[in-house]
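Working notes, structure below.
Order of the sequence lines fixes the chain letters, A, B, ..., with proteins taken first and strands second; residue numbering starts at 1 for each chain.
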Amino acid sequence: MATVTTAIKAEARDLNFFYSNGARALKGISMPLYENKITALIGPSGCGKSTFLRCFNRMHDLYPGNKYQGQIVMHPDNTNVLDAGVDPIEVRMRISMVFQKPNPFPKSIYENVAYGLRVRGENNKRIMDDKVEEALKGAALWSEVKDRLHDLAFNLSGGQQQRLCIARALATDPEIMLFDEPTSALDPIATANIEELMVELRSKLTILVVTHNMQQAARVSDYTAYMYLGELIEYDDTDKIFTNPGRKETEDYITGKFG
Amino acid sequence: MEHKASVLENLADVRAMIKRHKRNDTLFAAIGLLCLMFGLVTLMLLFWQLIADGYPKFNIDFLTEFPSRRAGRAGLLSAWVGSLLVMVVTFLTAVPVGVAAGLYLEEYAPKNWFTDLIEINVSNLAGVPSIIYGLLALGLFVYMLDFGQSILTAGLTLGLLILPIVIVSTREAIRSIPVSIREAAYGVGATKWQVVYDHVFKYSYGGILTGIIIGMARALGETAPIITIGALTFIAFLPPSPITTEPPFLNFEWLSSGFTVMPIQMFNWLSRPDHAFHVNAAATGALIIIVTLLMNGTAIWLRYKIRKNIKW
Ligand SMILES: Nc1ncnc2c1ncn2[C@@H]1O[C@H](COP(=O)(O)OP(=O)(O)OP(=O)(O)O)[C@@H](O)[C@H]1O
Ligand SMILES: [Mg+2]
């Protein structure tokens, strides 16, 4: 299992976040994301998991009035992605995201995967074809769609759509991938597929995943963070959190006494 | 109300209650249908009347002849050509301006008191009586800018008139695109313009088009503002052709030409004492309604066709 010698890919340093209505949704969060590891975020509804996740790719910038305080530093270049001088678009090119509900564009399967390349100005068809195939293979979807790449993405099943969204996020070779409850809209088999996929992707990139499913966190993650009311209550090896949590609150939540 | 233990023990009461509630359903459905029929039947009767009265003029000559002092020979040529050319100007002004304004308001404008004010005013503009637009145009286009009582003036006036319709329908079409789709696009690193161009515009143009066509159909029937700016009511010539056989193949003299449009021609014929002209008026009215219905039909069909591939 994980050892402390693993490199840190990114770390939040004393991160606070304020929504435009003034609500303080994150309170002084500091924690690392280890490279090529899966970190799971758990906690009761409304505790700020999504808010925290969406700080990493500056998604909150899309809505006026939101305010970050503190840092999220990416390694090895030591860039603070929250710095006002850092372009959120550049950040999103390095850190991609998969959402709770599959959200493919109303375009073909091919165009969905290729879109991230297109916004980067890529239009060489050969390179594009290769990248799309590679990403679809990476998302374990290639064999199912290779004969109908130009079909509408909406014609895929929910689980396939979510894997398509993963392929879309994968096509641009991100360093970190964020998952916000990626399986909550899926059936158990599709969920198992996505979990398996996340574990495979770990060798290529660093993953941060929000989940409500305790078993899922235990199954796929290397590290787990428990949040409550905007605060990070406990962060540790997943094994440790689930077998011998350091804090009473964490134990209550995990054992279902609370939450 | 006394406490009831369970449905089973009070089966008769419960059934009576359901029946009573269902009676309300039926009653409302009947009233609704009646109201709907009232509107529809009235419209059908009017339309039928126009067709019955104008029937003798339903032939090609009616479209290829100029108006004349003799009712039997008088045709609609100058009027429908005038309508067509005015609509071209209306389209070319209202569509780019309206769509750009709608996109800007929805996607780019900061949300503050000033944009709120603009928003309220755009909605209000849609309710301003059309003759006010005519007065504005008379002062602005005819006198100040010296465009004359021309096709250009009429087109611009109707363009202004339908601008709110285009803006509002553009905004509504844009708003129907779910946040999740925008976030997906931003999430892979798209800029605002890429999101607007590759997604927002592409998924909403069915709705935008619908708004444009409905606006154009409204403009086609407008009479008051055109009379206000002083359109001619009797015209026996055509504006210079916009397309020429010699380079550069385009000619803009038609813009400054005098003109008439179909509703004005209809109004002119209707106001003659000689009943023979009323046949012409009825035929023109029927034609305007048919074209309007066709335009609206096209809008519905386009919307259906474009939306078919988009489910959210
Ligand atoms: N746009 C917003 N404006 C103001 N407050 C918000 C906004 N979005 C979320 N919040 C608040 O921020 C807090 C954290 O919300 P967040 O969505 O991050 O919770 P979460 O842990 O992801 O919950 P869930 O498990 O239900 O998804 C909540 O109290 C919520 O009400
Ligand atoms: Mg959430």
Side-chain angles (χ1 to χ4, degrees), chain A residues 20 50 53-54 56-65 87-108 111-122 135 151-155 161 164-165 167-174 177-180 185, chain B residues 103-119 170-210 301-312:
Chain A
S20 55
S50 300
L53 189 87
R54 290 159 64 91
F56 280 82
N57 65 345
R58 299 269 298 265
M59 223 47 178
H60 298 298
D61 286 38
L62 298 179
Y63 308 96
D87 194 326
I89 292 171
E90 184 188 315
V91 176
R92 291 174 201 143
M93 290 188 168
R94 298 180 65 184
I95 305 181
S96 62
M97 178 163 180
V98 175
F99 299 80
Q100 179 168 2
K101 234 182 91 215
N103 55 354
F105 303 128
K107 296 179 186 285
S108 69
E111 280 305 323
N112 264 279
V113 182
Y115 189 65
L117 305 166
R118 289 211 193 278
V119 300
R120 285 158 175 75
E122 181 61 69
D151 271 16
L152 218 53
F154 284 147
N155 296 335
Q161 287 188 18
L164 179 67
C165 293
R168 178 174 67 193
L170 205 55
T172 51
D173 300 320
M177 204 181 274
L178 311 168
F179 290 83
D180 193 351
Chain B
L103 272 173
Y104 174 78
L105 278 176
E106 208 51 41
E107 295 291 325
Y108 283 88
K111 302 279 171 267
N112 55 31
W113 65 268
F114 184 66
T115 46
D116 281 350
L117 195 73
I118 291 179
E119 189 168 339
T170 300
R171 299 188 63 182
E172 269 166 15
I174 293 174
R175 245 180 262 163
S176 72
I177 296 171
V179 173
S180 63
I181 293 288
R182 291 165 201 270
E183 290 194 344
Y186 281 116
V188 294
T191 61
K192 193 165 223 177
W193 174 247
Q194 283 169 331
V195 173
V196 168
Y197 184 80
D198 294 336
H199 302 281
V200 171
F201 190 67
K202 289 208 174 128
Y203 311 149
S204 63
Y205 82 92
I208 295 176
L209 218 55
T210 311
W301 178 76
L302 273 177
R303 163 125 78 190
Y304 166 77
K305 211 170 136 52
I306 293 169
R307 289 273 330 177
K308 208 171 52 181
N309 289 339
I310 298 179
K311 320 178 192 128
W312 43 51

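Looking at A/Pro88, neither its backbone nor its side chain comes within 4.5 Å of chain B, counting heavy atoms on both sides. For a residue to count as touching a neighbouring chain, one of its non-hydrogen atoms must lie under 4.5 Å from one of that chain's; by this rule A/Phe105 touches chain B with backbone and side chain alike. When heavy atoms are compared at a cutoff of 4.5 Å, A/Asp87 does not approach chain B at all. At a 4.5 Å heavy-atom cutoff, the contact between A/Lys107 and chain B is made by side-chain atoms alone. Only the side chain of B/Tyr203 comes within contact range of chain A, judged by heavy atoms closer than 4.5 Å. For a residue to count as touching a neighbouring chain, one of its non-hydrogen atoms must lie under 4.5 Å from one of that chain's; by this rule A/Leu62 touches chain B with the side chain only.
When every heavy atom of A/Val119 is checked against every heavy atom of B/Gln194, the shortest pair comes out as O-NE2, 3.3 Å. What you find for B/Ala184 and A/Arg168 is that their closest heavy atoms are CB-NH2, 3.4 Å.
The environment of OH in B/Tyr205 is sparse: at most 12 heavy-atom neighbours from other residues, nucleotides or ligands sit within 6.0 Å. Counting non-hydrogen atoms of neighbouring residues, nucleotides and ligands closer than 6.0 angstrom, the NZ atom of B/Lys202 exceeds 12 such neighbours.
In this structure, B/His199 and A/Tyr115 have perpendicular ring planes: the angle between them is above 60°, well past the 30° mark.
Residue with the most contacts toward chain B among A/Met97, A/Met59, A/Gln100: A/Met59 (heavy-atom pairs, distance under 4.5 Å). No other option in A/Asn57, A/Leu178, A/Leu152 has as many heavy-atom pairs under 4.5 Å with chain B as A/Leu152.
Side-chain contact between B/Val188 and A/Thr172 is absent, with no heavy-atom pair separated by less than 4.5 Å.
Taking non-hydrogen atoms and a 4.5 Å limit, the residue list of residues 103-119 of chain B in contact with chain A is empty.
A distance of 9.0 Å separates CZ in A/Arg118 from CG in B/Asp198, rounded to the nearest 0.5 Å. Atom NZ of residue B/Lys192 and atom CD1 of residue A/Ile89 lie 10.0 Å apart, to the nearest 0.5 angstrom.
Annotation: side-chain contact (heavy atoms from CB on, under 4.5 Å) contacts of A/Ser20 (sequence neighbours excluded): A/Asn66.
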